[in-house]
Number of protein chains: 2
Amino acid sequence: MPNILIVEDEKNMQDIIIEYMKRGGHTCFTADDGIDALMILKNNPMDLMILDIMMPHLDGFSVCKMAREISNLPIIMLTAKSDEEDKLKGYKYGADDYMTKPFSPKILLAKTNALLRRFSANPADTLSAGKITIFPIAHTVFLDGQEITLTHKEYELLFFFMTNPEQIFSREQLLNRIWGYDFEGNTRTVDTHIKTLRQKLGSEGKHIVTLIRSGYKFEVAK
Amino acid sequence: MPNILIVEDEKNMQDIIIEYMKRGGHTCFTADDGIDALMILKNNPMDLMILDIMMPHLDGFSVCKMAREISNLPIIMLTAKSDEEDKLKGYKYGADDYMTKPFSPKILLAKTNALLRRFSANPADTLSAGKITIFPIAHTVFLDGQEITLTHKEYELLFFFMTNPEQIFSREQLLNRIWGYDFEGNTRTVDTHIKTLRQKLGSEGKHIVTLIRSGYKFEVAK
DNA sequence: GTGTGTTTTTAATTATTTTTACTAAATTCT
DNA sequence: AGAATTTAGTAAAAATAATTAAAAACACAC
């Protein structure tokens, strides 16, 4: 029985959502405001949160952001506005889905179930290519069963490549995605990190392929 | 000392798992095939089962299903396939968690501990790693049989780490989870507590590993 | 209120990582 | 083939982060 946290200040709306969630066989917890929601979240194992944006004290976006610090449970945002910008803001803060009021509770339940299904099939705890295996939760990398130590940037680079294999990335793209858009430095920096990474990967360094004038890509089957 | 049943036909894999489970303070029983597993399960009180899917005679799914008829012990499935369908099938037959080969034995141990904690009727009255033992009920910590005194924050930190081993936590996450999301202070606070904790743990301080730019994690087998 | 122990902040030291600058090697183009 | 461009390798410099230790702030019991 998954635990659903419903964060909504309107009593009416709360009741409707609870009713449908119960029909779906879920256990419901409710919070009337953001503070309350975070309290509950901190002390109870929740499987999904349905979060209203318009709330007194602390709005939905802030709750979403703060919730993400302590949990990675799926979040569905609710709002009266169908504003595109709000939607994007929601996703930016880590929401997984979005519903605009007035909405169909049936569809809310369907979305809830879909997210629960997707998340409960526990998300990739390993990433593999050739003899390389990454354990994201532990931030560790194994090479043919042997743990190797990477610096943070090396790890980020490898992780990025392995989550985006077979795609070419220019140095600029890599800088943007891994270093951040505000990185001001030299594009040669990428080369250096590619080099040290290849070195540490030994014979498995072959997965990182140079495409002259284009950039680099990670090939799984190499 | 919880009893773990390891159902795995490959001798090598068996040995690796046994080694790590022993480090985690568990007692191990092994079965080379499904029939064997069910026999053991029927006649001995087991606390958790680690179950390989690919086995001769009777596959893991069938074992899982039949095991559920006689016991509701937590089951972790092991498989070479990272197939989504297999995962769902596993859950359908009553598995509690899933690990895809190749996997990190450390993470397997972490998952094992997590499940044991969640399922055991009287939740963990001791937590161990290396020479460190915590008695949560009494709030006491022993180092190689000798009681040591920790301040409240130190205790909380150690307890958090030992209940969430092998996972990295950023300073922010630690502040959120241990200090509370409303803590306004400096992230260096974490460093200081890590320092005093390591100091008091002496040589066992090695379990707390620093990952530069990422945070800290607790490694059981270190 | 004072004193003790705990927690947090600050600042200096130490260690590590990242970046840059330079040279060598490889690749492409004419 | 040879010049020009691009990438790889090396090592040193610069930037950043972690660890200490010590002082300040805080909390609680007496």
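Between B:T187 and A:G185, the residue anchored closer to the 5' end of DNA chain C is B:T187, taking for each the nucleotide with the nearest heavy atom. Both A:E154 and B:V190 sit near DNA chain C, but only B:V190 has its closest nucleotide nearer the 5' end. A residue-by-residue look at A:L211 and B:Y216 shows that A:L211 has its nearest nucleotide of DNA chain D further toward the 5' end. Annotation: of the two residues near DNA chain D, A:R213 and B:S214, the 5′-most nearest-nucleotide partner is A:R213.
With respect to B:K195 and B:E154, no salt bridge is recorded, no charged nitrogen being found less than 4.0 Å from a carboxylate O.
The shortest distance between the side-chain N/O atoms of B:T189 and the OP1/OP2 oxygens of C:dT7 is not below 4.0 Å. Of the side-chain N and O atoms in A:W179, none sit less than 4.0 angstrom from OP1 or OP2 of C:dT18. The side chain of B:T192 places no N or O atom within less than 4.0 Å of a non-bridging phosphate oxygen (OP1 or OP2) of C:dT7. A:R171 has no side-chain polar atom (N or O) that falls below the 4.0 Å cut-off from OP1 or OP2 of D:dT6. A:R188 has no side-chain polar atom (N or O) that falls below the 4.0 Å cut-off from OP1 or OP2 of C:dT19.
In this entry the distance linking CD1 of B:I212 with P of D:dA18 reads 6 Å, nearest Å. Atom CG of A:L175 is separated from atom P of C:dT19 by 8 Å (rounded to the nearest Å). The CD1-P distance, from B:I178 to C:dT7, rounds to 12 Å in whole Å. Between A:D191 atom CG and D:dA11 atom P there is a gap of 18 Å when expressed in whole angstrom units. Rounded to an integer number of Å, the gap from CD1 of A:I194 to P of D:dG9 is 11 Å. The NE2 atom of A:H152 sits 17 Å away from the C1' atom of C:dA15 (whole-angstrom rounding). For the pair B:K195 NZ and C:dA15 P, the computed distance is 16 Å after rounding to whole Å. Distance, B:E184 CD to C:dT8 C1': 14 Å, rounded to whole Å.
A ring-centre distance under 6.0 Å is not found for B:F169 and B:F218. Between B:F103 and A:F135, the distance from one ring center to the other does not fall under 6.0 angstrom.
In B:K206, the NZ atom is crowded: over 12 heavy atoms of neighbouring residues, nucleotides or ligands sit closer than 6.0 Å.
Of the listed nucleotides (D:dT10, C:dT8, D:dA18), D:dT10 has the atom at the smallest distance from the side chain of A:Q199.
Between the side chains of A:D59 and A:S62, at least one donor-acceptor pair of N or O atoms lies under 3.5 Å.
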